[in-house]
Amino acid sequence: MERRGFNSSFGMLMAAVGSAVGLGNIWRFPYIVGTNGGGAFLLVYISILVFIGLPILISEMVIGRRARSDSVDSFKKLAPGKKRYISGLISVIASFLILGFYSVVAGWSLEYLIKSITNQFSGSSPQVIETMFTSFTSSPIKPIVWTFVFLFVTIFIVKSGVASGVEKVSKFAIPVLFFIVLVLGIRGLTLEGGMDGLRFLFYPDFSNFTMEGFLAALGHSFFTLSLGVGIMITYGSYAKDDENIGKSSLLISICDTTIALIAGIAIFTSVFTFGLNPGEGPGLVFVTLPNVFPLMPGGYLFGVAFFLLLALAALTSTISLLETLTAFGIDSMNLSRNKAAIGIGVCAFVVSIISSLSLGDTFSIQIGGLSFFDFVDKLTSNYMLTIASFIEIIFLGWFYKREYLKDELTNHGKIKASFFKVYYFMLKYVVPIAMVLIILSSFGILKSA
Ligand code: PHE
């Protein structure tokens, strides 16, 4: 039986961009830029993306296409009889947990889409808008219902298959998403405080920059490129034989960064125009922006467009998470696509329920002083993704034949991969050393100065 895969190179690109572009770009990126001082952080973040994120992205695609299997079985194929697949197992658990809590935030975007369609922000004071957010997120039923809707749609799409579900939806959703973010970015630039917003985002003022910002940049580059969760391995396994992996990985990183930057422009120009706080934190898009939209001309439509953007971006990411888990179900557990997608989706919903409830007081599970929601977020992004990627790249850089890598990146000698030497050097030395620093610091061994 021929293995399932993407129909076209464009489709694969859209699916991978769909995974990379998500709440991380529109919700998380702007607020971490905001809380870490703006332009200086941006500079560090982009350097890390190029020197660490991109080589890992290329590596994951290589692993997947070489082995043509899921994120666990791929390692069994590339290193038979060895325990290298441990990183795949960590990835599978991480993607399952991320799917659980990410779907909760994705569900919020649906509630906010409805709130903006029904014009609930206009005329409300900032206090009311803030209370709206906290009382909604901590209420026991409503956010769970929205999460359910979101997961239901995700399961339905993944069940339909790689080409007819994941690829088809991404080919439609990503161009729409790009259009919406572009319109919002241009709108932002025409606002009065546009220049102040741009200065905040782009002017590198290192006096505001701390060691913590450095670490946040490292962690976020993994999260935003969906690394360490097995997604890019799975999508690599669906790539065609003539796909230029190096080029696709570069394009994925460029699209991801461009969308994050335009979203940042849209958000900070508005925040500065209306005198709000850019360092608001996680509430930036759910609390700050609903204050902004009613104040700007055409704000109703821009508000609706923004939350539609957020929901679409989240959807293509939850699809990629469930697709990866489904591939594991099919390849490693011999399940049918339907059984895997539905079974894993339902189990992830249980994680969502616990995550969502942990933000209220009805049934609040706390671990190490954190709500279950925050705990899972930290555990996955700070530890599991970095550890899984670290094991992967050590394997590829130090225990896998260099010629095999070159062979895969040149499509068996059919195309040139002039970047290979630089890539290999990064893979072998730069990335592991930089990652040891991240891992040590995330364990609190390296404290900020
Ligand atoms: N890359 C996604 C984003 O930026 C988040 C994500 C992480 C999705 C890991 C899948 C896996 O929102």
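Order of listing sets the numbers, starting from 1, for every ligand and every atom in it.
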>> I'd like to know if Asp70 pairs up with Lys76 as an ion pair, taking the criterion as any Lys NZ or Arg NE/NH1/NH2 lying under 4.0 Å from an Asp or Glu carboxylate oxygen.
In response: no
>> Is it the case that ligand 1 has an N or O less than 3.5 angstrom from some N or O of Ile98?
In response: no
>> Can you tell me how far apart CD1 (Ile252) and CE (Met14) are? Round to the nearest 0.5 Å.
In response: 9.0 Å
> Taking non-hydrogen atoms only, is Ile231 closer than 4.0 angstrom to ligand 1 via side chain, backbone, both or neither?
Replying inline: side chain
>> Is it the case that the side chains of Ser95 and Thr324 hold a donor-acceptor pair, with the cut-off being a distance below 3.5 Å and no angle test?
In response: no
>> So if I count the atoms of ligand 1 from 1 in the order they appear, which ones are less than 4.0 Å from some heavy atom of Leu23?
In response: 12 (O)
>> For ligand 1 and Ser317, I'd like to know whether there is a polar contact (N/O to N/O, distance under 3.5 Å).
In response: no
> Looking at Asn25, which atoms of ligand 1 are within less than 4.0 Å of one of its heavy atoms?
Replying inline: 4 (O)
> Going by the order shown, which atoms of ligand 1 are within less than 4.0 Å of some heavy atom of Val229?
Replying inline: 9 (C), 11 (C)
> Does ligand 1 have any atom sitting under 4.0 Å from a heavy atom of Tyr102?
Replying inline: yes
> Going by the atom numbers of ligand 1, which of them fall below 4.0 Å from some non-hydrogen atom of Ser19?
Replying inline: 1 (N), 2 (C), 8 (C)
>> The test is side chain to side chain donor-acceptor pair (under 3.5 Å); show your working for Ser59 and Glu392 and say whether it passes.
In response: CA-CA 8 Å; Ser59 306; Glu392 267 165 34; over 6 Å; no
> Quick check: does Phe223 get an N/O under 3.5 Å from an N/O on ligand 1?
Replying inline: yes
> Under 3.5 Å, N or O to N or O, is Gly24 touching ligand 1 that way?
Replying inline: yes
>> Any salt bridge linking Asp205 with Arg199? Criterion: basic side-chain nitrogen under 4.0 Å from a carboxylate oxygen.
In response: no
> Does Ala20, backbone or side chain, put an N or O under 3.5 Å from an N or O of ligand 1?
Replying inline: yes
>> For the 3.5 Å polar cut-off, considering only N or O atoms, please tell me whether Ser226 and ligand 1 meet it.
In response: yes
>> Which of the numbered atoms in ligand 1 are under 4.0 angstrom from any heavy atom belonging to Thr224?
In response: 1 (N), 4 (O)
> Could you give the distance from CD1 (Ile48) to CZ (Phe222), rounded to the nearest 0.5 Å?
Replying inline: 9.5 Å
>> Just checking Phe136 against Phe286, ring centres under 6.0 Å apart?
In response: no
> Could you go step by step and tell me if Ser249 and Glu60 meet the side chain to side chain donor-acceptor pair (under 3.5 Å) rule?
Replying inline: CA-CA 10 Å; Ser249 305; Glu60 292 203 345; over 6 Å; no
> Do Phe302 and Phe293 have ring centres separated by under 6.0 Å?
Replying inline: no
